[in-house]
Amino acid sequence: MDITTLRAQTEDLRRLIRRHEYLYYVLDRPEITDAEFDQLYQRLQTLETQYPELITPDSPTQRVGGQPVEGFASVQHKAAMLSLDNAYNADELREFEARIKRALPGERFTYVVEPKVDGLGVALLYERGRLVRGATRGDGRYGEDVTHNLMTVRGIPRRLHGPLAACAALEVRGEVFMWRQAFEKLNRGLEAEGDEPFANPRNAAAGSVRQKDSRVTAGRPLDIFIYGVSYAEPDPFTDHWQTMEQLLDSGFLLDPKDRKNTLERYRRRCADIGEAVVNCLEIEAARDEIGCGCDGVVVKVDAIEQQRRLGSTTHHPRWAIAYKFPARQATSVIRKIDVNVGRTGALTPTALLDPVEIAGATISRATLHNADEIERLDVREGDTVLIERAGDVIPHILRVIQGKRPSQSTPFRFPTRCPVCGAEAFRPEGEVVSRCTNSACLARLKESLLHFGSRRAMDIEHLGGAVVEQLVDRVLVREFADLYRLDVETLATLERLAQKSATNLYNAIQGSKGRGLSRLLFALGIRYVGEHVAAIVARHYGSMERAELASEEELAEIFGIGPRIAQSVALYFRQPENRRQIEQLREVGVSMKEAGVTAEPRPLAGKIFVLTGGLEGFTRDEAKGLIERQGGRVTSTVSKKTDYVVVGKDPGSKYDNAKRLGVPTLDESMFKKLLGR
Ligand code: IVH
């Protein structure tokens, strides 16, 4: 095959892989199985190994799946990444104009206003239209090389199209951020899997961009808001407005409708400073509708030639200013630090505050996250603290006002016992969370039941906090299966639950029996098993009986299941108490099967394979995928438990071991027959 055809084929393959990555990572709606995806990926890798000249820096192989990088290399920005001067009211904006008029007497200025997005500033270097480098701001002169991670951000094109693709070098600046809804979804997912949630969208964006493993970044809902060009060779730009338009047309907007997104809608051209002021105030009033962290409006002189003549100080450009919104902060006094127990037993501290109003909402609680955070802030009961409320995010404490600390105050002692049941709390080394060690703790039971019935788990409508509280306190429910044993008469005795609501709740509980294995696995609250992992396990095994028997090694071999998850799932199923609870659920009639999966023929169910030597018709991964799809499993060492050793060309010592142990061997044609091919 000639190189041109090969190149075209590789490009087709890349396009296909990108599409499936997008469906999987961004839309969370994969159209092919993980094994099929692996096969595509493997094919590309094989082609690139055979013909290294086909490798391009934007190939998926150069990106996701790359080995975790050790630290980040330091890179020098094309031009320093400066800060912005601030204005806090209309007068200060007019003073800004007075200053630039003094610098360039007699000239007229027009402006562009645009949101000041609170995320992580990045510099993206394009050479002849290809993204070659992406860096964080760092100290302004040198940043961290996070190219691999930024390449996974959907809004960052890896290739520009249109006239800008011709620039020998083009450095684009922007802010990587998370939309608030996406951030909240991410945090819910992290919490469901037993991980620490992020304190705010900014931290989440920064933490995701600075990941060592770009696969983690790829799974995070990041977006970018571009706001400038710091270097262009040659430089085709005449004004800021036109620069932004050209960038958006070059690929920074995948979808033309995005030009109407809340951030782009608020980028506006203004004929004079009066118009700029009006727009600043208008955007401030719409602050909550923007849907992401936005802490002000940046006012920029539009004409680039004027920007050049105005120049910069060492700190900020003279041609731009940030109109900062009033902070959403206030001070209040901590009356008490309360420690709650979550369903995983995690002890979570909350500060109970004297009620205070911040931007229209009355705040009386703020999260303290964990013991480390309390220590870091050194917060104590009785302290006056500075609180921030950012959009819909739960208010958090920024710092203690030391001058107002009562003289007799003592450091807060984080409980070493569960505040509800009194059992010992345990904090494993290296973890930030301490947990109640009593699996029968009633606080944990209540939270577990709420999770069990939640919308994305068993979806039991009407099973809210007040109901669960009573069911547990009145000893009507002590485990999941007890829910299904409740009758309408008993439910009707609960406070504030009339006969009709009791019937509705009863029907909702009974109706949840058939939700299927995937939801059930998620509902059980196994550590690290979120919805996504539960779906993978359910699809793989099809029934609880088979999932329960899975060993840690077997689980870890499923695509998408890492060693930490595998260990947790196997550990869960090893506990007699957990198995008993599942048995009880089975007895009351809860479905333990995943619809659709069991129907598939699985002729190799339970069979263990070892592969050795090269096969002609398939790659290693293809063979593995085919075995797994029919229910078998592939391991790497031959033992007495091995059912078949598949022997290809130039087999290794595994072949000798098979003969020694008397394990049946299959050559490629027999193997194909076994697979029915
Ligand atoms: S212009 C040299 N425009 O805010 C021009 N910055 O506080 C300086 N930022 O480092 C940047 N939105 O990371 C500009 N629309 C916007 C912005 C923006 C967010 C960030 C940026 C900058 C920081 C300064």
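Every number for a ligand or one of its atoms is a count from 1 in the order of the listing. None of the values given here were measured: they were computed from a predicted structure.
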- Task: Check the surroundings of atom CD in Glu107: do more than 12 heavy atoms from other residues, nucleotides or ligands lie under 6.0 Å from it?
- Result: yes
- Is it the case that more than 12 heavy atoms not belonging to Arg99 sit under 6.0 Å from its CZ atom? yes
- Message: Are more than 12 heavy atoms, taken from residues, nucleotides or ligands other than Arg405, located less than 6.0 Å from that residue's CZ atom?
- Response: yes
Under 3.5 Å, which donor-acceptor pairs link side chains of residues 91-98 to any protein atom two or more places apart or in another chain?
from, atom 1, to, atom 2, distance (Å)
Glu92, OE1, Tyr88, N, 2.7
Glu97, OE1, Tyr111, OH, 2.3

- CZ/Arg141: more than 12 non-hydrogen atoms of other groups inside 6.0 Å: no
- Identified side chain to side chain contact (heavy atoms under 4.5 Å, CB included) partner of Leu150 from the options Leu222, Ile224, Ile156: Ile156
- Message: Can you list every protein residue that has a heavy atom under 4.0 Å from any atom of ligand 1, sorted by chain and residue number?
- Response: Leu82, Leu84, Glu114, Pro115, Lys116, Val117, Gly121, Arg137, Glu175, Phe225, Tyr227, Val298, Lys300, Pro317
